[in-house]
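Remember, it's 1-based here, ligands and their atoms both numbered in the order they're listed. Heavy atoms only: backbone and side chains are in, while hydrogens, waters and symmetry mates are out. From a predicted model like this one, the values you see are computed outputs, not experimental measurements.
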Amino acid sequence: MKVFPLYEGSYSVDISKKFIPFDPAMHDYKDRPGSLFVYVQPFLIETSSHLIVIDTGLGFKTESGELLIHENIKKAGYHPDDVDLVLMSHLHFDHSAGMVYEQGGKWQLSFPHAEYVINRGEWESAYSNPSKSYRTEIFDIVQRSGSVNFIEGNGRLNDQVTYELTGGHCEFHQVFLIEDGAEKVFFGGDILPEPEQLLRKFKAKYDFDPTRAMELRDHYGKLAAENNWFCLFYHAKSQATGRVELKGDAFKIVEGDKL
Ligand SMILES: [Zn+2]
(Lines give C-alpha, C1' and ligand atoms only; values in the text may rest on other atoms or scores of the structure.)
Protein backbone atom coordinates (compact mmCIF):
# COMPACT_ATOMS: atom_id res chain seq x y z
CA MET A 1 0.00 0.00 0.00
CA LYS A 2 1.14 3.55 -0.72
CA VAL A 3 -0.24 6.66 0.98
CA PHE A 4 0.14 10.26 -0.23
CA PRO A 5 -1.10 13.27 1.78
CA LEU A 6 -2.52 15.82 -0.70
CA TYR A 7 -1.73 19.01 1.19
CA GLU A 8 -4.04 21.93 0.41
CA GLY A 9 -2.66 24.55 2.79
CA SER A 10 -3.54 26.25 6.06
CA TYR A 11 -6.60 28.42 6.61
CA SER A 12 -8.40 30.50 9.15
CA VAL A 13 -12.11 29.86 9.64
CA ASP A 14 -14.46 32.15 11.55
CA ILE A 15 -18.19 32.10 12.19
CA SER A 16 -18.89 32.67 8.47
CA LYS A 17 -17.32 29.19 7.87
CA LYS A 18 -15.27 30.63 4.99
CA PHE A 19 -11.78 29.17 4.61
CA ILE A 20 -9.32 32.03 4.16
CA PRO A 21 -5.69 31.16 3.33
CA PHE A 22 -3.47 31.71 6.34
CA ASP A 23 0.30 31.50 6.26
CA PRO A 24 1.88 32.12 9.69
CA ALA A 25 4.99 33.44 7.93
CA MET A 26 2.98 36.17 6.17
CA HIS A 27 -0.19 36.76 8.19
CA ASP A 28 -0.84 37.77 11.78
CA TYR A 29 -3.10 35.68 14.06
CA LYS A 30 -4.37 38.94 15.61
CA ASP A 31 -5.90 39.96 12.27
CA ARG A 32 -8.23 36.95 12.32
CA PRO A 33 -10.20 37.32 15.56
CA GLY A 34 -12.49 34.45 16.59
CA SER A 35 -10.92 32.14 14.05
CA LEU A 36 -9.89 28.53 14.13
CA PHE A 37 -6.70 27.74 12.24
CA VAL A 38 -6.88 24.56 10.23
CA TYR A 39 -4.73 22.62 7.84
CA VAL A 40 -6.33 20.51 5.12
CA GLN A 41 -5.08 17.36 3.45
CA PRO A 42 -7.07 14.69 1.67
CA PHE A 43 -5.24 11.42 1.00
CA LEU A 44 -4.51 9.28 -2.01
CA ILE A 45 -4.03 5.57 -1.36
CA GLU A 46 -2.89 2.95 -3.80
CA THR A 47 -3.69 -0.59 -2.73
CA SER A 48 -3.09 -3.78 -4.71
CA SER A 49 -6.52 -3.39 -6.33
CA HIS A 50 -7.76 0.19 -5.83
CA LEU A 51 -6.77 3.83 -6.20
CA ILE A 52 -8.61 5.63 -3.42
CA VAL A 53 -9.16 9.27 -2.49
CA ILE A 54 -10.29 9.85 1.11
CA ASP A 55 -12.20 13.11 1.55
CA THR A 56 -11.79 15.57 -1.26
CA GLY A 57 -10.49 18.86 0.16
CA LEU A 58 -11.65 22.41 -0.37
CA GLY A 59 -12.13 22.34 -4.13
CA PHE A 60 -9.78 25.29 -4.57
CA LYS A 61 -7.90 25.85 -7.81
CA THR A 62 -4.27 26.67 -8.45
CA GLU A 63 -3.18 29.89 -10.17
CA SER A 64 -3.20 28.07 -13.49
CA GLY A 65 -6.85 27.11 -12.93
CA GLU A 66 -6.32 23.44 -12.18
CA LEU A 67 -8.14 21.84 -9.29
CA LEU A 68 -5.65 21.67 -6.42
CA ILE A 69 -6.42 18.03 -5.61
CA HIS A 70 -5.87 17.13 -9.28
CA GLU A 71 -2.50 18.85 -9.30
CA ASN A 72 -1.48 17.10 -6.08
CA ILE A 73 -2.51 13.69 -7.42
CA LYS A 74 -0.45 14.27 -10.57
CA LYS A 75 2.53 15.37 -8.48
CA ALA A 76 2.27 12.03 -6.68
CA GLY A 77 2.54 10.31 -10.06
CA TYR A 78 -1.11 9.34 -10.64
CA HIS A 79 -4.06 10.60 -12.69
CA PRO A 80 -7.46 11.64 -11.26
CA ASP A 81 -9.23 9.55 -13.91
CA ASP A 82 -7.65 6.42 -12.42
CA VAL A 83 -9.23 6.93 -8.99
CA ASP A 84 -11.90 4.25 -8.57
CA LEU A 85 -13.10 4.95 -5.02
CA VAL A 86 -13.83 8.21 -3.22
CA LEU A 87 -14.50 7.59 0.47
CA MET A 88 -16.28 10.40 2.34
CA SER A 89 -16.10 10.64 6.15
CA HIS A 90 -18.79 13.34 6.11
CA LEU A 91 -19.94 16.19 3.88
CA HIS A 92 -18.83 19.39 5.59
CA PHE A 93 -17.52 21.84 3.03
CA ASP A 94 -13.83 21.41 3.86
CA HIS A 95 -14.10 17.66 3.16
CA SER A 96 -16.51 17.60 0.23
CA ALA A 97 -16.00 20.66 -1.98
CA GLY A 98 -13.41 18.85 -4.09
CA MET A 99 -15.90 16.15 -5.12
CA VAL A 100 -16.77 18.33 -8.13
CA TYR A 101 -15.22 21.16 -10.10
CA GLU A 102 -16.11 23.70 -12.72
CA GLN A 103 -14.40 23.90 -16.08
CA GLY A 104 -15.49 26.17 -18.92
CA GLY A 105 -18.77 26.91 -17.12
CA LYS A 106 -19.58 23.23 -16.71
CA TRP A 107 -19.65 21.41 -13.40
CA GLN A 108 -18.38 17.87 -13.34
CA LEU A 109 -17.11 15.12 -11.08
CA SER A 110 -13.48 15.52 -10.03
CA PHE A 111 -13.12 11.73 -10.26
CA PRO A 112 -15.30 10.68 -13.19
CA HIS A 113 -14.52 6.97 -12.97
CA ALA A 114 -14.91 6.62 -9.22
CA GLU A 115 -17.68 5.37 -6.99
CA TYR A 116 -18.40 8.04 -4.35
CA VAL A 117 -19.05 6.33 -1.01
CA ILE A 118 -21.28 8.44 1.24
CA ASN A 119 -23.32 7.75 4.35
CA ARG A 120 -27.02 8.03 3.51
CA GLY A 121 -27.94 9.78 6.77
CA GLU A 122 -25.20 12.35 6.25
CA TRP A 123 -26.49 13.05 2.76
CA GLU A 124 -30.06 13.47 3.97
CA SER A 125 -29.14 15.62 6.94
CA ALA A 126 -27.07 17.90 4.68
CA TYR A 127 -30.23 18.61 2.69
CA SER A 128 -32.62 18.82 5.63
CA ASN A 129 -30.44 20.95 7.95
CA PRO A 130 -29.26 23.87 5.86
CA SER A 131 -26.11 25.29 7.43
CA LYS A 132 -23.01 27.07 6.33
CA SER A 133 -21.07 23.83 6.70
CA TYR A 134 -22.92 22.13 3.82
CA ARG A 135 -23.07 23.26 0.19
CA THR A 136 -25.87 21.23 -1.30
CA GLU A 137 -25.22 22.55 -4.82
CA ILE A 138 -22.12 20.31 -4.75
CA PHE A 139 -24.24 17.29 -3.84
CA ASP A 140 -26.74 17.99 -6.64
CA ILE A 141 -23.94 17.57 -9.18
CA VAL A 142 -22.72 14.36 -7.56
CA GLN A 143 -26.23 12.95 -7.45
CA ARG A 144 -26.91 13.70 -11.12
CA SER A 145 -23.79 11.76 -12.04
CA GLY A 146 -25.25 8.57 -10.62
CA SER A 147 -21.89 7.68 -9.10
CA VAL A 148 -22.94 7.58 -5.46
CA ASN A 149 -22.92 4.45 -3.34
CA PHE A 150 -24.98 5.27 -0.24
CA ILE A 151 -23.99 3.21 2.76
CA GLU A 152 -25.43 2.94 6.27
CA GLY A 153 -24.18 1.81 9.66
CA ASN A 154 -21.10 -0.42 9.83
CA GLY A 155 -20.02 -2.78 7.11
CA ARG A 156 -17.65 -3.94 4.45
CA LEU A 157 -17.39 -2.15 1.13
CA ASN A 158 -15.11 -4.66 -0.58
CA ASP A 159 -12.29 -7.07 0.25
CA GLN A 160 -10.10 -4.19 1.47
CA VAL A 161 -12.34 -1.45 2.87
CA THR A 162 -14.56 -1.49 5.97
CA TYR A 163 -16.46 1.42 7.53
CA GLU A 164 -18.01 2.35 10.84
CA LEU A 165 -20.67 4.92 11.61
CA THR A 166 -19.35 7.00 14.50
CA GLY A 167 -21.43 10.14 14.86
CA GLY A 168 -19.70 12.54 17.24
CA HIS A 169 -18.42 15.23 14.89
CA CYS A 170 -21.70 15.24 12.98
CA GLU A 171 -24.62 12.87 13.41
CA PHE A 172 -23.63 10.51 10.57
CA HIS A 173 -19.85 10.83 10.50
CA GLN A 174 -18.07 7.62 9.46
CA VAL A 175 -14.50 6.28 9.55
CA PHE A 176 -12.67 3.84 7.26
CA LEU A 177 -10.16 1.04 7.66
CA ILE A 178 -8.25 -0.12 4.60
CA GLU A 179 -6.45 -3.46 4.78
CA ASP A 180 -4.05 -4.76 2.20
CA GLY A 181 -1.94 -7.74 3.15
CA ALA A 182 -0.59 -7.15 6.66
CA GLU A 183 -0.94 -3.36 6.46
CA LYS A 184 -3.89 -1.50 7.97
CA VAL A 185 -4.59 2.17 7.24
CA PHE A 186 -7.12 4.03 9.40
CA PHE A 187 -8.87 7.25 8.41
CA GLY A 188 -10.71 8.83 11.35
CA GLY A 189 -11.89 11.95 9.51
CA ASP A 190 -12.86 14.63 12.02
CA ILE A 191 -13.03 12.10 14.85
CA LEU A 192 -9.22 11.91 14.70
CA PRO A 193 -8.30 14.98 12.64
CA GLU A 194 -4.87 15.65 14.10
CA PRO A 195 -2.46 13.68 16.27
CA GLU A 196 -2.51 16.31 19.04
CA GLN A 197 -6.14 15.42 19.77
CA LEU A 198 -5.03 12.12 21.26
CA LEU A 199 -2.62 13.75 23.67
CA ARG A 200 -5.17 15.50 25.87
CA LYS A 201 -8.85 14.93 26.59
CA PHE A 202 -11.22 17.78 25.80
CA LYS A 203 -14.71 18.54 24.53
CA ALA A 204 -14.73 20.65 21.39
CA LYS A 205 -17.58 23.05 20.64
CA TYR A 206 -17.33 22.37 16.90
CA ASP A 207 -18.48 18.77 17.44
CA PHE A 208 -22.15 17.82 17.13
CA ASP A 209 -21.85 15.62 20.24
CA PRO A 210 -18.68 16.76 22.08
CA THR A 211 -18.81 14.04 24.75
CA ARG A 212 -19.17 11.26 22.22
CA ALA A 213 -16.47 12.76 19.99
CA MET A 214 -14.09 12.82 22.97
CA GLU A 215 -14.89 9.18 23.80
CA LEU A 216 -14.45 8.17 20.16
CA ARG A 217 -10.98 9.73 19.98
CA ASP A 218 -10.00 7.61 22.95
CA HIS A 219 -11.68 4.50 21.51
CA TYR A 220 -10.00 4.72 18.12
CA GLY A 221 -6.67 5.78 19.65
CA LYS A 222 -6.67 2.55 21.66
CA LEU A 223 -7.63 0.43 18.65
CA ALA A 224 -4.91 2.15 16.58
CA ALA A 225 -2.31 1.32 19.23
CA GLU A 226 -3.49 -2.30 19.69
CA ASN A 227 -3.66 -3.06 15.98
CA ASN A 228 -0.69 -1.03 14.76
CA TRP A 229 -2.86 1.03 12.44
CA PHE A 230 -1.18 3.54 10.16
CA CYS A 231 -3.32 6.63 10.87
CA LEU A 232 -4.12 9.48 8.48
CA PHE A 233 -4.82 12.93 9.99
CA TYR A 234 -6.86 15.19 7.71
CA HIS A 235 -6.29 18.42 9.66
CA ALA A 236 -2.74 17.79 10.91
CA LYS A 237 -0.43 20.78 11.17
CA SER A 238 2.81 18.94 10.61
CA GLN A 239 2.46 15.19 10.96
CA ALA A 240 -0.11 13.96 8.46
CA THR A 241 0.42 10.25 9.21
CA GLY A 242 1.63 8.17 12.12
CA ARG A 243 1.18 5.20 14.40
CA VAL A 244 -0.13 5.38 17.94
CA GLU A 245 1.43 3.98 21.09
CA LEU A 246 -0.28 3.71 24.45
CA LYS A 247 1.94 4.00 27.55
CA GLY A 248 -0.16 3.62 30.70
CA ASP A 249 -3.11 5.80 29.79
CA ALA A 250 -1.15 8.31 27.69
CA PHE A 251 -1.05 8.19 23.91
CA LYS A 252 2.10 8.86 21.97
CA ILE A 253 2.27 9.41 18.22
CA VAL A 254 5.23 7.85 16.50
CA GLU A 255 6.26 8.83 13.03
CA GLY A 256 7.62 5.40 12.26
CA ASP A 257 7.86 4.15 8.73
CA LYS A 258 6.21 5.69 5.70
CA LEU A 259 3.72 3.84 3.55
ZN1 LIG B 1 -12.97 19.04 8.88
Side-chain angles (χ1 to χ4, degrees), residues 3 5-22 32 34-45 52-60 67-69 72 86-100 110 116-119 121-123 125-126 129-136 138-139 142 163-176 185-199 202-210 212-217 220-221 231-242 253:
V3 172
L6 306 171
Y7 181 62
E8 299 209 336
S10 55
Y11 299 87
S12 69
V13 193
D14 65 11
I15 191 109
S16 73
K17 298 280 166 76
K18 283 208 181 71
F19 281 69
I20 302 166
F22 181 84
R32 309 276 174 97
S35 292
L36 280 173
F37 296 90
V38 297
Y39 293 68
V40 173
Q41 61 234 317
F43 292 89
L44 179 73
I45 302 172
I52 303 171
V53 165
I54 306 200
D55 286 357
T56 59
L58 288 156
F60 290 166
L67 192 64
L68 189 50
I69 194 168
N72 283 334
V86 175
L87 306 179
M88 300 299 303
S89 65
H90 64 303
L91 296 175
H92 285 162
F93 172 76
D94 55 320
H95 296 251
S96 66
M99 291 200 292
V100 298
S110 304
Y116 284 63
V117 179
I118 297 171
N119 178 278
E122 175 69 358
W123 180 272
S125 70
N129 303 304
S131 89
K132 289 178 186 139
S133 299
Y134 293 113
R135 307 269 170 90
T136 52
I138 294 169
F139 313 142
V142 176
Y163 52 89
E164 279 182 21
L165 176 68
T166 62
H169 179 65
C170 50
E171 193 179 354
F172 294 96
H173 184 283
Q174 60 186 353
V175 298
F176 295 96
V185 167
F186 177 70
F187 182 69
D190 276 359
I191 289 303
L192 219 50
E194 48 181 340
E196 292 78 4
Q197 297 214 349
L198 280 174
L199 307 185
F202 62 98
K203 295 183 189 180
K205 64 175 190 285
Y206 50 74
D207 286 323
F208 163 78
D209 183 342
R212 177 158 175 80
M214 183 180 74
E215 289 164 1
L216 285 164
R217 288 195 289 275
Y220 285 110
C231 297
L232 314 183
F233 302 107
Y234 191 82
H235 290 304
K237 280 180 198 63
S238 53
Q239 199 180 341
T241 61
I253 310 296

Legend entry - Ring centers of F176, F43 separated by less than 6.0 Å: no
Legend entry - the Zn ion (ligand 1) reached by H92 (N, O or S, under 2.8 Å): no
Inset, instruction - Could you check whether the rings of H90 and H169 sit parallel, tilted or perpendicular, using 30° and 60° as the cut-offs? - result: perpendicular
Inset, instruction - Give a yes or no on whether H235 keeps an N, O or S atom under 2.8 Å from the Zn ion (ligand 1). - result: yes
Inset, instruction - Using the six-membered ring wherever Trp is involved, compare the ring planes of Y220 and F186 and label them parallel, tilted or perpendicular (cut-offs 30° and 60°). - result: parallel
Legend entry - Donor on one side chain, acceptor on other, D190 and H235, under 3.5 Å: yes
Legend entry - Metal site angle (apex the Zn ion (ligand 1)), OD2 from D190 and OD2 from D94, 10 degrees: 160°
